[in-house]
Amino acid sequence: MSEPVQKPLPFGFQFLAGAIAGVSEILVMYPLDVVKTRAQLSTGVSTGIVETLKNMVKHEGTASLYRGIAAPIMVEAPKRATKFAANEQYTTLYKKLFGFEKVTQSLSVMTGVSAGITEAFLIVPFELVKVRMQDKANLGRYTGTADAFKKIIAAEGSMALFNGLEATMWRHGVWNGAYFGLIYKVKDILPKSKDASEQRMINFAAGTAGGIVATACNTPFDVVKTRIQSYNGVGIKKYNWTLPSLVTVAKEEGFASLYRGFTPKVLRLGPGGGILLVVFETVSSFIRKNILKEE
Ligand SMILES: *[C@@H]1O[C@H](CO)[C@@H](O)[C@H](O)[C@H]1NC(C)=O
């Protein structure tokens, strides 16, 4: 069942297919993101995933499962563009600075960490608004995402949108560092296939394994980020810098609390990656057939 080798789609189409895949993944997996945020904000015993979803539907309506979804959708395409451009730029820069001849594992780690940190600047306001919308404490406070942006700026100033920037840098830097640190080793272990679709499955398995480890490394930073971003200027500001906040959470609620929301986060990876893959392939072949008129 070996397919002929296809030349890659022109960049613009690849980008389009990627963005459509990314938005599809958000549309399907978003309720798990709401569950994750709720778990990270709770300080006591948190309920399981299914129970949380059931309770939300019962008490807040089905639409609550999608509360705040506009923010990540809006930033999905710009985020991909930033990730891509940052990767290119850092690769060129580090090749020049450190004399790498080709892309090695350590270059990938350095580039990934830098690109993750860069990406944080773009996404942090959208992440903040998403967290505020998802927070149960804010039910009825905002009519929608645009209203949340407006009210947060009016009450707290526009710089408040960047609360949690440092924690977001940690979250993305650590994720990319762990992922690229691991993925080469995983790919070495896994078999290689000449069959294109089989190779895609192998890459998918490698990506999921890398994602699970990366998520295990970055969840504590995600917990702190969510806590920082939920603070609305009223009452005691409990969390400021990321590292001391990790200590605070562990001390007050136990070490395991740094892993609040880990299960919904990790459960999203496999199916989420599958959706990305299938939608990307489907859109790509649609473009090949109907727009590029390839055979
Ligand atoms: C965080 O900073 C605020 C002022 O910016 C301060 O009032 C608060 O005590 C700080 N919290 C911690 C835990 O250091």
Side-chain angles (χ1 to χ4, degrees), residues 33-47 52 67-68 71-72 74-75 79 82 113-114 116-142 145-178 214-266:
D33 197 76
V34 184
V35 173
K36 181 196 81 169
T37 301
R38 296 273 177 110
Q40 293 181 333
L41 287 173
S42 80
T43 51
V45 181
S46 57
T47 52
T52 305
R67 213 174 133 75
M74 281 192 290
V75 82
K79 181 169 105 181
T82 305
V113 171
S114 310
I117 289 172
T118 305
E119 196 182 287
F121 285 90
L122 171 76
I123 67 161
V124 79
F126 297 89
E127 286 284 324
L128 183 128
V129 168
K130 187 195 76 176
V131 167
R132 297 289 183 93
M133 290 285 289
Q134 293 174 331
D135 188 350
K136 199 175 178 177
N138 293 337
L139 283 179
R141 183 165 290 175
Y142 314 116
T145 296
D147 186 51
F149 266 107
K150 262 189 254 160
K151 284 184 175 148
I152 292 165
I153 293 170
E156 302 163 50
S158 48
M159 282 318 287
L161 292 174
F162 287 88
N163 285 347
L165 175 63
E166 187 223 355
T168 308
M169 289 172 156
W170 276 103
R171 186 181 81 160
H172 289 244
V174 166
W175 202 96
N176 283 0
T215 301
C217 296
N218 92 338
T219 298
F221 299 98
D222 196 27
V223 171
V224 164
K225 169 191 163 291
T226 301
R227 300 271 179 105
I228 290 172
Q229 292 188 318
S230 73
Y231 176 72
N232 63 4
V234 179
I236 300 164
K237 191 168 182 238
K238 195 159 185 185
Y239 309 105
N240 293 316
W241 296 98
T242 304
L243 299 179
S245 299
L246 291 173
V247 177
T248 304
V249 172
K251 258 195 192 149
E252 293 187 346
E253 301 160 42
F255 181 81
S257 288
L258 294 173
Y259 280 84
R260 288 185 191 273
F262 178 71
T263 314
K265 210 162 139 72
V266 107

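When a ligand or atom number is given, it counts from 1 through the structure's own listing order.
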Is it the case that the side chains of Lys225 and Gln229 hold a donor-acceptor pair, with the cut-off being a distance below 3.5 Å and no angle test?
yes
Show the numbers, then the answer: is there a side chain to side chain donor-acceptor pair (under 3.5 Å) between Asn232 and Glu156?
CA-CA 7 Å; Asn232 63 4; Glu156 302 163 50; 5.6 Å; no
Can Thr37 and Thr226 be counted as having a side-chain donor-acceptor contact under 3.5 angstrom?
no
Please output the residues near ligand 1 using a strict heavy-atom distance under 4.0 Å, listed in chain and residue-number order.
Lys237, Lys238, Asn240
Partner set under side chain to side chain donor-acceptor pair (under 3.5 Å) for Glu253, not counting sequence neighbours:
Arg227, Arg260
Within residues 224-256 or reaching into it, pairs that qualify as ring pair (Phe, Tyr, Trp, His ring centres under 6.0 Å) - sequence neighbours excluded:
none
Qualifying residues under side-chain contact (heavy atoms from CB on, under 4.5 Å), relative to Ala71, sequence neighbours excluded:
Phe126, Lys130, Thr145
